[in-house]
There are 2 protein chains.
Amino acid sequence: MAEKTVQGAQVVGRVAQLLRIVGRSPEGGVALPAIVEASGLTRPTVYRLLNSLAAEGLLDHHAETGMWHLGPEIYVLGAVAANRYAIEDLARPSLQRLADETGESAFLSIRRGDETVCLLRVEGSFPVRSFVLHEGVRFPLGVASAGLAIMAFLPDAEVDRLLDDGGARAARFGPAHTAERIRANLEVTRRNGYTVNPGLILEGSWGMGAAVFDRQSNPAWALSLTGIEQRFRPERQEFLGKLLLEEAHKITQQLGDQASGR
Amino acid sequence: MAEKTVQGAQVVGRVAQLLRIVGRSPEGGVALPAIVEASGLTRPTVYRLLNSLAAEGLLDHHAETGMWHLGPEIYVLGAVAANRYAIEDLARPSLQRLADETGESAFLSIRRGDETVCLLRVEGSFPVRSFVLHEGVRFPLGVASAGLAIMAFLPDAEVDRLLDDGGARAARFGPAHTAERIRANLEVTRRNGYTVNPGLILEGSWGMGAAVFDRQSNPAWALSLTGIEQRFRPERQEFLGKLLLEEAHKITQQLGDQASGR
DNA sequence: AACCGCTTGTCCACAACATGGACAGCAAGG
DNA sequence: CCTTGCTGTCCATGTTGTGGACAAGCGGTT
């Protein structure tokens with residue numbers, strides 16, 4: 001989080017931070033005070049920056065509700081950038097199949113630095129759903145099934161670096177997120193190929209995930225399923241894990257097949 | 001271009017400008033000097049800002065070539081924003097049909113302030129192609145068939161405002177872009193429904209376009225076709241125009257059908 | 001080799017610019 | 001009526017961004 005920003009560019013860091021905060025907010029948008037709180041900046045500063053960003057079209061300010069959203073310019077730039085980073089088209093059919101066959105909600109997350117960001121969601125048919133995860137939500141690697149699935153296939157040195165945060169992660173996401181318990185989970189994940197999150201973030205809200213690998217065989221994305229504990233009993237985990245791995249492999253393969261140009 | 005930036009936010013404007021410049025560059029990326037030139041800022045400033053943006057993941061700097069690209073963070077944010085602005089999924093099939101049936105290249109552009117931005121491109125089968133237009137390219141409204149098609153269905157006051165510089169903004173893209181000639185084109189466009197750009201930007205490079213309307217009946221997007229003059233003879237224009245209008249109507253309709261929530 | 005033109009990367013004195021404390025105005029709730 | 005929490009704005013302050021200037025690298029031309 002505390003990047004050593006390039007010298008002479010404080011604002012750029014702040015702007016990026018604000019964009020991320022607004023981006024990870026749920027569909028209804030975020031209000032100013034929440035952004036102030038999340039950013040740790042003073043209110044006038046946030047106010048001014050948000051308005052400038054809105055003037056550039058990077059953010060949108062709903063006049064009635066006062067809520068802030070990502071703006072059209074971000075959408076436009078992102079659409080252009082997507083030509084270089086396209087994976088969603090490949091992943092969406094997999095998510096649909098996962099949701100259809102399991103009844104749970106299925107997600108695609110992408111690794112972004114030391115975090116995962118949820119990109120796509122397909123709701124399952126099962127009537128009880130968790131709303132911990134949705135498009136734009138970020139978790140540090142090691143938290144939530146997507147981040148665990150990815151982390152399990154990172155080099156040891158990387159894992160060590162990520163876990164060595166002096167307990168900040170555990171403090172934010174619950175006492176279950178100690179370095180030791182995460183390591184144990186990664187161990188099991190490496191053996192099975194898929195990971196299980198037994199309600200670590202929110203009690204009763206379970207998840208499973210499997211990593212998708214880029215052309216250099218780095219775990220860059222993850223598929224995951226979420227639902228309530230009762231739907232993730234041990235006897236069903238094997239079935240769900242197999243499905244996740246199948247779909248993850250499919251995507252990994254398709255990514256490899258693509259001509260490496262563009 | 002010269003927006004009255006919100007007070008106390010010079011950098012935000014600069015940052016947004018840099019993102020746009022990098023975003024509209026072709027696939028190979030842009031080099032620093034070109035960005036300096038395009039932005040009108042001094043080199044150290046651009047250098048510093050670009051590096052900060054890259055540190056935040058908003059830009060990407062290819063180490064070998066030195067080229068700048070839109071970064072993963074933009075992609076991620078854009079993917080999240082796309083939930084609010086989705087049109088590409090609706091438009092892609094139309095573009096495909098247009099390209100298949102005509103052999104020309106088909107494009108989707110979106111209105112963004114006083115410009116259009118090209119979002120999607122589907123190459124046609126015809127072996128001679130123009131590369132004036134590609135994803136990320138921006139033209140002022142009134143230039144290129146997409147911008148003309150959109151402008152033709154804007155309120156008169158809006159049109160006046162856009163042209164009250166005598167077409168100076170448009171004239172950057174060729175001497176044919178005077179206010180009078182643009183008005184004449186808009187006139188014809190309103191009658192036909194579709195617009196024809198008879199090589200105004202680049203001699204011999206023709207285009208045709210039709211507007212797509214949002215739920216408030218504003219022309220917010222445009223479909224367009226481009227190709228060489230010989231493929232846009234009067235007798236073929238009617239055929240191409242009819243196809244464009246059909247597909248544009250299809251998309252407009254689908255947009256209207258969508259539940260207005262999310 | 002010496003020179004040129006063009007590039008990237010870095011420094012630092014200067015002052016322009018972003019900053020944030022403070023205040024006004026408004027709406028909702030007790 | 002007072003309190004709480006919000007949005008929007010001002011402006012003195014000094015932190016922060018700025019850009020002129022210089023160093024160094026690279027490839028081509030004479």
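Every chain is numbered from 1, with letters handed out A, B, ... down the list of sequences. Note that these values count all heavy atoms, side chains included, but never hydrogens, waters or copies made by symmetry.
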Just the rounded figure in Å: distance from [atom2] of [N] to [atom1] of [X].
X	N	atom1	atom2	answer
B:Leu50	C:dT8	CG	C1'	12 Å
A:Leu41	C:dG20	CG	P	7 Å
A:Leu53	C:dA18	CG	P	12 Å
B:His62	C:dT8	NE2	P	15 Å

(request) For A:Tyr47, check ring-ring contact (aromatic ring centres under 6.0 Å, His included) against everything at least two apart and list the hits. (result)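 Testing A:Tyr47 for ring-ring contact (aromatic ring centres under 6.0 Å, His included), a comparison that skips the adjacent residues, returns none.
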(message) Using the ring-ring contact (aromatic ring centres under 6.0 Å, His included) criterion, which residues pair with B:Tyr75? Sequence neighbours excluded.
(response) A:Tyr85
Identify the two heavy atoms, one from [X] and one from [Y], that lie closest to each other, and give their separation to 0.1 Å.
X	Y	value
B:Gln254	B:Leu90	OE1-CD2, 3.0 Å
A:Val22	A:His69	CG1-C, 3.5 Å
B:Ala81	A:Gly71	CB-O, 4.5 Å

Phosphate OP1/OP2 of [N]: any [X] side-chain N/O under 4.0 Å:
X	N	result
A:Arg14	C:dT19	yes
B:Thr42	D:dT18	no
B:Gln10	D:dT18	yes
B:Arg48	D:dT18	yes

(request) Output every pair passing salt bridge (Lys or Arg N to Asp or Glu O under 4.0 Å) with a member in residues 61-79 of chain B, not counting sequence neighbours, ordered by first then second residue. (result)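 Matches after skipping sequence neighbours: A:Arg112-B:Glu73, A:Arg138-B:Glu73.
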List, with names and distances, any nitrogen or oxygen atoms from the protein found under 3.5 Å away from nitrogen or oxygen atoms belonging to nucleotides 26-28 of chain D.
none

Using side-chain heavy atoms (C-beta onward) and a distance below 4.5 Å, is [X] in contact with [Y]?
X	Y	result
B:Thr226	B:Val132	no
B:His61	B:Leu50	no
B:Leu32	B:Arg43	yes

(message) Strictly under 4.0 angstrom, non-hydrogen atoms only: write out the protein contact profile of nucleotides 2-9 of chain D, one letter per nucleotide from the 5' end, B, S or -.
(response) ----SBBB
Dump every N/O contact between nucleotides 27-30 of chain C and the protein below 3.5 Å, one line per pair.
none

(message) Which residue is it: A:Leu53, A:Asn51, A:Ile21? I am looking for the one with a side-chain contact (heavy atoms from CB on, under 4.5 Å) to A:Trp68.
(response)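 Single pass found, and it is A:Asn51.
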(request) Mind checking the CG-CG spacing from B:Leu70 to B:Asp60? Nearest 0.5 Å is all I need. (result) 9.0 Å
